[in-house]
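Chain naming here is simple, since letters A, B, ... match the order of the sequence lines and numbering starts at 1 in each.
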Number of protein chains: 2
Amino acid sequence: MTFLQTATDQPAREDIDLGAVLHALSDPIRLEIVAALDSRAEACPTGSFEVPVSKSTCTHHFRVLREAGVVRQRREGTARLNTLRRDDLEARFPGLLDAVLDAKAG
Amino acid sequence: MTFLQTATDQPAREDIDLGAVLHALSDPIRLEIVAALDSRAEACPTGSFEVPVSKSTCTHHFRVLREAGVVRQRREGTARLNTLRRDDLEARFPGLLDAVLDAKAG
DNA sequence: TGGCTAGTACGATGGGTGTCGAACCGTATC
DNA sequence: GATACGGTTCGACACCCATCGTACTAGCCA
């Protein structure tokens with residue numbers, strides 16, 4: 001009985017909660033991750049982000065992003081590939097992600 | 001020596017922090033307040049919002065909104081009149097407030 | 001003066017959050 | 001198999017946060 005289903009506990013598109021998304025994006029490190037993910041536009045392993053926190057903290061932040069519905073994770077070998085859920089976020093909260101990313105870049 | 005300057009500790013437009021704004025908006029009660037403020041489009045006393053919390057908690061939420069730069073407060077008699085800082089938010093983070101309000105309404 | 005109303009200040013409390021290190025797991029490669 | 005690598009899990013910790021009740025202040029009105 002393993003608990004490695006953690007990559008699957010992502011909300012369905014219609015279950016994405018606005019409060020959870022805003023909270024997920026309100027942390028500077030997570031916002032940095034999201035911006036980096038957005039600029040790359042390709043699935044990126046968790047460890048490829050230059051964040052000033054430990055591995056376990058990084059796992060924590062990706063979990064918050066995943067459970068909020070901001071990020072999608074899938075396994076590929078030993079790595080965890082992350083992608084922005086642009087489509088789902090845009091469908092549910094049109095313009096929100098871009099407004100936040102623009103605000104950060106601003 | 002009174003401490004009633006609390007209504008003035010609002011950030012200048014250029015000091016409004018994105019993380020603080022997102023955090024302020026990530027709470028359902030505060031988001032409800034902001035939406036109500038937006039719909040009325042007039043300065044409203046703090047007590048005129050139907051929120052399921054106590055007076056002191058309400059004060060707390062308005063302080064968070066004020067310190068984040070989302071809301072402006074001014075005294076008028078015994079009341080505290082609240083207004084959305086639409087102009088400042090729009091200047092600093094274009095489209096963000098509307099995206100959030102649309103997301104909530106959607 | 002006295003009371004009423006609107007709101008703040010304070011202290012307490014329970015729960016969440018960001019952080020870490022150490023231990024562990026899965027997958028690849030030697 | 002052994003080792004290394006990428007991540008997760010698990011406490012633990014300090015801090016923040018939403019909430020409350022009580023006490024308080026400021027302004028208004030009789």
Side-chain angles (χ1 to χ4, degrees), chain A residues 1-10 17 19-34 36-37 42-68 70-83, chain B residues 1-10 17 19-34 36-37 42-68 70-83:
Chain A
M1 182 187 317
T2 71
F3 292 87
L4 290 175
Q5 308 289 347
T6 43
T8 69
D9 54 0
Q10 320 177 26
D17 178 68
V21 170
L22 293 177
H23 170 248
L25 297 178
S26 72
D27 182 275
I29 289 186
R30 288 194 291 263
L31 188 53
E32 200 66 48
I33 290 173
V34 169
L37 258 176
E42 263 306 317
C44 304
T46 303
S48 68
F49 299 86
E50 292 191 9
V51 289
V53 291
S54 68
K55 271 198 308 176
S56 47
T57 301
C58 203
T59 294
H60 161 70
H61 284 309
F62 270 95
R63 181 171 33 136
V64 173
L65 289 171
R66 178 185 1 111
E67 292 180 351
V70 177
V71 152
R72 189 181 290 111
Q73 285 187 308
R74 70 169 199 275
R75 315 194 59 122
E76 184 136 334
T78 90
R80 258 248 208 235
L81 297 190
N82 303 274
T83 51
Chain B
M1 180 190 318
T2 69
F3 290 87
L4 291 175
Q5 307 290 351
T6 42
T8 68
D9 52 0
Q10 320 178 27
D17 177 68
V21 170
L22 294 177
H23 170 248
L25 297 178
S26 72
D27 182 275
I29 290 186
R30 288 194 291 263
L31 188 53
E32 199 67 49
I33 290 174
V34 170
L37 259 176
E42 264 306 317
C44 304
T46 304
S48 68
F49 299 87
E50 293 190 9
V51 289
V53 290
S54 69
K55 270 200 309 179
S56 47
T57 302
C58 203
T59 293
H60 160 71
H61 283 309
F62 272 94
R63 182 170 33 136
V64 173
L65 288 170
R66 175 181 9 107
E67 292 180 351
V70 177
V71 152
R72 190 181 290 111
Q73 285 186 308
R74 70 170 197 276
R75 316 194 57 122
E76 184 135 336
T78 88
R80 261 278 186 214
L81 296 190
N82 303 275
T83 50

Which residues pass the side chain to side chain contact (heavy atoms under 4.5 Å, CB included) test with [X], not counting sequence neighbours?
X	value
B:Thr78	none
A:Thr59	none
A:Ser56	A:Ser54

Euclidean distance, atom [atom1] of residue [X] to atom [atom2] of [N] [Å, nearest integer]:
X	N	atom1	atom2	result
B:Leu81	D:dG27	CG	P	14 Å
B:Phe62	C:dA9	CZ	P	15 Å
B:Arg80	D:dA26	CZ	C1'	10 Å
A:His23	D:dC16	NE2	P	14 Å
A:Phe49	D:dG6	CZ	P	14 Å
B:Leu65	C:dT8	CG	C1'	16 Å
B:Glu76	D:dA26	CD	P	19 Å
A:His61	C:dT19	NE2	C1'	8 Å

Show me the side-chain donor-acceptor pairs of residues 20-29 of chain A shorter than 3.5 Å, one per line, residues at least two apart or across chains.
| residue | atom | partner | partner atom | Å |
| --- | --- | --- | --- | --- |
| A:Ser26 | OG | A:His23 | O | 2.7 |
| A:Asp27 | OD1 | A:Ile29 | N | 2.9 |
| A:Asp27 | OD1 | A:Arg30 | N | 3.2 |

Is there a side-chain contact between B:Leu65 and B:Gln73 in this structure, where contact means two heavy atoms from C-beta onward sitting under 4.5 Å apart? no

Side chains of A:Leu81 and A:Pro45: does their closest heavy-atom pair fall under 4.5 Å? yes

Contacts of type salt bridge (charged side-chain N to carboxylate O under 4.0 Å, His left out), residue B:Glu76, not counting sequence neighbours: B:Arg74

Kindly write out the residues that satisfy salt bridge (charged side-chain N to carboxylate O under 4.0 Å, His left out) with A:Glu32, not counting sequence neighbours, or none if the list is empty. A:Lys104

Just compare D:dG27, C:dG18, C:dG7 and give me whichever is closest to any side-chain atom of B:Thr78. D:dG27

Is [X] near enough to [N] that one of its side-chain N or O atoms lies under 4.0 angstrom from OP1 or OP2?
X	N	value
A:Arg63	D:dT8	no
A:His60	D:dT9	no
A:Arg75	C:dT27	no

Please work out which residues in residues 52-59 of chain B have a non-hydrogen atom less than 4.0 Å from an atom of DNA chain D and list them by number. B:Val53, B:Ser54, B:Ser56, B:Thr57

Considering non-hydrogen atoms only, spot the tightest contact between A:Phe49 and A:Ile33 and give its length. CE2-O, 3.8 Å

Looking at DNA chain C, which of residues 24-34 of chain B put a heavy atom within less than 4.0 Å of it? none

